[in-house]
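Only one structure is covered here, and it is reproduced in the block below.
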Amino acid sequence: MSASPDPVAAAASRLDEHLREMVDWHFSPATGSPFWLDWARTAGWDPRTDIRTAADLSRFPLFDDDLLRDLPNEVWIPKAYAGRPFFVFETGGTTGMPKQRLSWTDHLHDYTEFSSTLDDAAFPPGSHWLMAGPTGPRRLRLAIEHLAQLRGGSCYFLDLDPRWVKRCIAAGDFAQAEAYKYHVVDQAITILRHRRNIRCLFTTPKILEAMAERTSLPGLGIAGVFCGGTSMTPQTVRFLAEEVLEGVARFVPTYGNTLMGLACSLPLTAANGWSVIYHAPQPRAILRVVDPADPARTVDHGAWGRVELTTLTREFFMPRLLERDEARRTPPSSRFPWDGVADVRPFGAQSGKIIEGVY
Amino acid sequence: MSDAIHLPALRRGVTYRSVDALRLANGAEISQVNSGLIRRDLLRGTAAERPPVRRMIAICREAGARFRSATLPLCEGIQQSPEDFLSQVAATGGLPRTLIRAGMERVAKVLDDMEQILAGLSRGLDPAVIDDGIGQQAGIPVSYHPTTEVLSVVLPSNSPGVNALWLPAIALRTAVAIKPGRDDPWTPWRIIQALLAAGCPAELLSFYPTDHEGSHALLRTAGRSLLFGDAAVAKRYARDPRVEIHGPGHSKVLIGADHADRWRDHLDLLVKSVAANSGRSCINASAIVTHAHADVLAHALAERLGSMRPRDLDDPAADLAGFSNAAAAELIDAAITAGLAEPGAADISATYRAGPRLVVHRGRSYLLPTVIRCTSFDHPLARKEYPFPYCAVVELPQAGMLGRLGPTLVVSALSDDPVWRRQLLASPLIQRLNLGAMATSHVQWDQPHEGNLFEFLYHRRAVQVAA
């Protein structure tokens with residue numbers, strides 16, 4: 001295939017090629033998983049012949065992520081990975097059984113790619129990291145450590161269980177939630193004060209704010225902060241960059257989860273109103289902004305809609321999951337020549353109350 | 001003109017235009033700040049200059065005059081005349097200009113009369129004692145220390161007049177951090193501008209338009225707070241002694257045995273108690289409890305209130321406010337209708353109006369005055385409070401009234417019975433007690449309102465000075 005001079009067309013072509021390869025892999029009896037092979041037997045159509053471009057993905061029904069909780073994990077193992085021990089990464093689970101995704105090397109791959117987007121001035125190679133985010137059965141625990149080591153440093157940790165915070169808030173026990181946040185922040189600041197060679201930080205917006213209420217993070221040597229976990233309005237992003245990080249340390253927001261990987265943001269500027277625009281790690285994942293009433297339809301550039309995720313790796317195939325977020329669709333950028341999602345916020349944030357907690 | 005208006009936040013006197021903004025019903029925008037910013041400001045501490053109380057009283061007096069009649073800064077490049085102010089509050093809050101003007105006057109009057117108000121709240125304490133922290137009162141050594149540097153105020157949108165409640169804090173040298181109600185950011189903003197113009201140190205004044213999370217940050221971070229909110233909001237902070245809650249008032253008129261036969265003499269008072277300020281205040285009566293004649297009283301009251309109807313917001317005769325949120329009006333209407341399905345309640349006002357309770361006038365929803373005759377205080381509609389002229393009429397023997405009262409912000413007790421008056425005076429359930437023919441909505445500002453603001457902001461310590 002000849003390369004197109006148009007970066008957008010080239011990216012689309014690369015995505016379609018990757019999509020065909022992944023569909024072939026997951027629906028081939030030699031390599032595919034029991035779940036998708038079973039599904040194809042009753043679908044009445046053959047994804048291997050009928051899925052040629054990303055637009056064809058709408059032939060798949062919306063993915064029901066409850067299946068990741070209700071079915072045994074073994075049904076998701078591609079035959080090519082059979083017999084190899086896997087990592088189990090969880091999402092949800094504040095009450096009841098969490099949803100689980102199996103991984104072998106996807107989480108390492110995602111963060112290796114992400115590392116190449118980080119500016120060495122803000123995340124100096126060889127410097128150490130502090131991971132003050134959700135730990136436990138989450139991919140972040142291993143992924144951040146991988147990121148630190150990949151960049152020549154080591155990673156310090158503390159424990160953070162977001163499920164407990166969410167339970168406290170749901171029960172109206174705000175004092176307990178605050179006490180837990182204080183406990184987490186206390187540990188983070190203690191480490192930063194005693195290990196002065198930490199220059200990079202991963203945390204959530206609320207923990208970041210709370211840390212900066214008690215100390216100057218640039219003053220403790222922090223040069224770059226990679227943040228994720230919850231949505232951030234442009235005003236919150238501006239506040240974090242200008243005041244919490246004092247306009248000194250670099251702020252890099254990301255949008256990611258266990259099921260997708262990590263979407264990078266374009267550099268933040270006051271000129272674009274501190275709007276955070278994320279681009280999926282295409283071709284390994286696709287983010288689409290769809291009409292909530294008709295999820296097959298992509299909304300126009302600039303319009304709001306619900307975020308739909310498709311994950312396309314050899315380890316995991318998940319077409320058309322409607323995320324619990326909404327966003328504005330943005331056009332391709334020069335750095336990421338495919339659509340982006342801007343100003344992500346919880347779906348229905350304008351109509352109902354959603355608990356986000358410190359996480 | 002309103003398209004160009006963007007009300008910013010004010011961070012200790014410094015304007016701050018947020019990236020996030022909310023569009024109001026009149027097309028104006030208002031900055032929305034995040035909770036972290038508020039917390040960061042409050043935690044910073046302040047070295048603000050705090051002029052003596054007597055100087056602050058003079059500033060308040062000057063601010064009252066400016067609030068009432070001056071053209072004041074609104075936002076970058078735009079000024080606000082008193083007429084602009086009336087139009088803006090009407091457009092976003094649905095309040096007729098007549099009622100806004102009354103609320104405006106209430107605010108200005110409190111600023112005018114600050115000296116007497118402080119004297120009332122502090123029982124005549126020499127203001128210099130507050131400045132110095134030590135002095136004498138009635139020949140006894142006294143010492144007071146502030147309980148907080150900043151009073152946060154989470155405001156409602158029901159009426160401009162409600163802002164009068166936080167004004168003494170300024171005169172008491174306490175910085176304020178105001179979270180305006182969504183439909184009326186104009187009144188606190190204009191008060192702040194009037195105070196600045198009168199010479200109030202800017203660092204004492206903050207204005208944070210924000211969401212629920214931002215309100216929470218204010219309430220949890222400031223040393224003292226005033227919170228206006230519904231029962232659910234009030235419950236969340238009920239155990240926090242730093243928060244003074246202004247929730248539903250459940251204010252009532254009680255008509256004793258000796259006045260029950262003379263109920264007609266009090267009809268004007270009853271109408272005013274229920275319908276002043278379009279029934280939007282916590283000091284409006286939501287129940288009338290009478291020893292006798294409840295049926296005929298309910299009919300007479302419903303007939304009188306039946307003359308209230310939606311009018312244009314600039315109509316001098318307008319006395320009924322609309323709802324800026326149509327869905328809220330629909331929910332209230334549905335709740336009343338559902339309550340009527342339970343035996344023991346009748347909508348007396350239905351007899352005196354031609355159509356439904358919920359009407360639309362010039363695109364805005366209105367709920368028409370509603371008098372419900374309940375046969376028992378146990379009926380769900382007997383203890384409801386809604387932000388429009390709504391009232392339940394219940395008949396109870398005088399001897400049984402106090403036992404069934406429940407927490408009540410204002411009681412207007414129509415009785416000359418000295419024994420019953422003593423019982424009412426002894427009741428811990430009543431926050432404000434009007435003895436005699438006085439509407440529940442009658443407020444003397446030198447009296448405490450749901451707590452004494454001076455005692456909330458200053459604590460008396462023991463002091464002993466060696467000779």
Side-chain angles (χ1 to χ4, degrees), chain A residues 169 171-179 181-182 185 203-217 227 230-246 251 268-276 342-343 345-346 349-358, chain B residues 6-9 11-12 14 16-23 29-45 182 208-222 225 227 229-243 325-328 331:
Chain A
I169 292 172
D173 191 350
F174 302 102
Q176 180 85 254
E178 281 295 316
K181 185 168 80 172
Y182 188 88
V185 168
T203 192
T204 68
K206 285 194 171 18
I207 298 292
L208 181 61
E209 277 179 14
M211 287 172 75
E213 282 165 10
R214 289 172 54 184
T215 189
S216 163
L217 292 169
C227 212
T230 55
S231 56
M232 287 167 262
T233 70
Q235 170 58 27
T236 298
V237 169
R238 172 197 181 187
F239 169 70
L240 294 174
E242 284 186 344
E243 300 191 39
V244 168
L245 298 179
E246 305 168 25
F251 182 60
L268 300 165
T269 64
N272 71 4
W274 297 97
S275 186
V276 189
D343 303 330
R345 65 191 184 200
Q350 303 306 295
S351 57
K353 184 170 171 54
I354 290 171
I355 295 169
E356 288 208 326
V358 295
Chain B
H6 180 113
L7 272 189
R11 304 174 68 181
R12 297 182 177 189
V14 179
Y16 178 86
R17 185 174 173 134
S18 161
V19 184
D20 298 343
L22 197 69
R23 189 170 290 280
E29 277 190 353
I30 181 167
S31 275
Q32 292 289 291
V33 296
N34 53 299
S35 58
L37 178 149
I38 294 170
R39 210 167 32 249
R40 194 171 177 85
D41 282 0
L42 292 180
L43 290 170
R44 235 187 320 152
R182 182 180 169 128
Y208 296 117
T210 185
D211 56 11
H212 288 308
E213 203 181 324
S215 297
H216 183 65
L218 278 167
L219 296 166
R220 286 289 190 235
T221 316
S225 300
L227 167 64
D230 61 20
V233 173
K235 188 179 170 192
R236 181 170 173 182
Y237 297 95
R239 290 185 183 174
D240 190 338
R242 299 170 306 160
V243 180
N325 180 356
L331 283 171

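Residue numbers begin at 1 in each chain, while the letters A, B, ... track the order of the sequences.
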Smallest heavy-atom separation, A:G273 atom then B:V19 atom, equals O-CG1, 3.0 Å
For the [atom1] atom of [X] and the [atom2] atom of [Y], what is their distance to the nearest 0.5 Å?
{"X": "A:F174", "Y": "B:R236", "atom1": "CZ", "atom2": "CZ", "answer": "3.5 Å"}
{"X": "A:M232", "Y": "B:N34", "atom1": "CE", "atom2": "CG", "answer": "12.0 Å"}
{"X": "B:D20", "Y": "A:F239", "atom1": "CG", "atom2": "CZ", "answer": "13.0 Å"}

Under a 4.5 Å heavy-atom cut-off, does chain A meet the side chain of B:L37, its backbone, both or neither? both
Where does B:R239 contact chain A at under 4.5 Å (heavy atoms): side chain, backbone, both or neither? neither
Just wondering, do B:Q32 and A:Q235 contact through their side chains at under 4.5 Å, heavy atoms? no
Which atoms of A:A212 come close to chain B, meaning under 4.5 Å heavy atom to heavy atom: side chain ones, backbone ones, both, or neither? both
Against chain B, label A:E243 side chain, backbone, both or neither, depending on which of its atoms sit under 4.5 Å from a heavy atom there. both
How about CZ on B:R220, more than 12 heavy atoms from neighbouring residues, nucleotides or ligands closer than 6.0 Å, or not? yes
Partner set under side-chain contact (heavy atoms from CB on, under 4.5 Å) for B:E213, not counting sequence neighbours: A:K206, B:S35, B:D211
Applying side-chain contact (heavy atoms from CB on, under 4.5 Å), can you list everything that pairs with B:A328, at least two apart in sequence or on another chain? B:F323, B:N325
Under a 4.0 Å threshold between the charged nitrogen and the carboxylate oxygen, would B:R40 count as salt-bridged to A:E213? no
